[in-house]
Amino acid sequence: MAKTVAERKAEQRKRQKELGVTKIELLVDNQELEMIKRNCVLRMPGREPYGIVEYLQMLIRKDDAEYKKQVEKLSKRKCKRCGDILPVQQCCMSGDSECWVTSGYKELKLVI
Ligand SMILES: [Zn+2]
């Protein structure tokens, strides 16, 4: 027997709860919304476009993967001041020009 809308919704909520899904509210301006909608289509030429949620979820995962790659590369270096393996999150020498914490964020921050 076909499930009712309420039953399907209840199942979806149960699945999402099991996955630990959290709903977040996201405010975007007209320009950003236009970029999202456009790129959902342009990133899948000739195919079914990405859904907005799917597209944003993939950007999150893409950035996470990129961050991990950057950290792996950084971990081959050490802070010149304290000798800790990069990236250093906190250092008592922060502010010292030789300490990685002073300007290391520039190597990890998001760049457009
Ligand atoms: Zn340091």
Side-chain angles (χ1 to χ4, degrees):
M1 201 171 81
K3 290 173 182 151
T4 66
V5 172
E7 283 170 338
R8 284 207 312 273
K9 269 278 166 203
E11 275 184 14
Q12 186 187 27
R13 274 196 298 273
K14 187 172 173 259
R15 250 194 335 270
Q16 288 177 340
K17 199 176 174 190
E18 284 165 2
L19 290 170
V21 172
T22 300
K23 183 178 182 175
I24 55 173
E25 191 176 31
L26 175 68
L27 302 176
V28 294
D29 63 28
N30 288 336
Q31 192 185 28
E32 291 159 348
L33 182 61
E34 202 276 318
M35 288 175 188
I36 294 169
K37 286 180 173 174
R38 177 171 25 95
N39 291 336
C40 280
V41 174
L42 295 179
R43 286 285 185 191
M44 203 49 99
R47 307 272 172 192
E48 175 86 12
Y50 288 114
I52 289 177
V53 171
E54 179 186 24
Y55 173 74
L56 294 174
Q57 287 169 332
M58 289 184 73
L59 289 180
I60 292 166
R61 291 183 178 277
K62 181 175 153 64
D63 181 58
D64 187 65
E66 187 184 317
Y67 173 81
K68 285 174 180 162
K69 260 191 240 164
Q70 289 175 314
V71 164
E72 197 191 311
K73 231 173 127 183
L74 278 175
S75 70
K76 295 181 176 105
R77 292 165 38 206
K78 289 178 179 177
C79 175
K80 290 177 192 161
R81 196 73 169 85
C82 63
D84 283 358
I85 292 169
L86 303 186
V88 180
Q89 290 292 336
Q90 275 187 321
C91 179
C92 60
M93 299 297 175
S94 178
D96 185 307
S97 63
E98 286 291 295
C99 175
W100 187 83
V101 176
T102 305
S103 52
Y105 73 93
K106 290 175 186 167
E107 293 185 69
L108 286 176
K109 71 176 187 174
L110 293 172
V111 178
I112 297 174

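Linking ILVMFWY residues whenever their side-chain heavy atoms come closer than 4.5 Å, directly or via other members, leaves Leu33 and Met35 in distinct clusters.
To the nearest 0.5 Å, atom OG of residue Ser94 and atom CD of residue Gln89 are 11.0 Å apart. Separating the CD atom in Glu34 from the CG atom in Asn39 is a distance of 8.5 Å, to the nearest 0.5 Å. For the atom pair OG1 of Thr102 and CE of Met93, the computed distance is 10.5 Å after rounding to the nearest 0.5 Å. If you take CZ on Arg81 and SG on Cys92, they are separated by 8.5 Å, rounding to the nearest 0.5 Å. Put simply, CD on Glu98 and NZ on Lys80 are 5.5 Å apart, with the number rounded to the nearest 0.5 Å.
When the shell of 6.0 Å around CZ of Arg38 is examined, it contains more than 12 heavy atoms from other residues, nucleotides or ligands. Shown here is Leu19, whose CG atom has more than 12 heavy atoms of other residues, nucleotides or ligands within 6.0 Å. The neighbour count for Glu18 CD, taken as heavy atoms of other residues, nucleotides or ligands under 6.0 Å away, is above 12.
A donor-acceptor pair is defined here as one N or O able to donate and one able to accept, closer than 3.5 Å; such a pair exists between the side chain of Asp29 and the backbone of Glu32.
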Could you tabulate the donor-acceptor pairs under 3.5 Å formed by side-chain atoms of residues 48-70, not counting sequence neighbours?
residue, atom, partner, partner atom, Å
Glu54, OE1, Gly51, N, 3.0
Asp64, OD2, Lys68, NZ, 2.9

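Inter-residue side-chain proximity for Cys91 and Asp84 is flagged as unmet; no heavy-atom pair is nearer than 4.5 Å.
When all heavy atoms of Lys3 and Arg8 are compared, the pair lying nearest together is O-NH1, 3.5 Å.
Under the side-chain contact (heavy atoms from CB on, under 4.5 Å) rule, Cys79 has a single partner from Asp96, Val88, Val101, Ile85, which is Val88.
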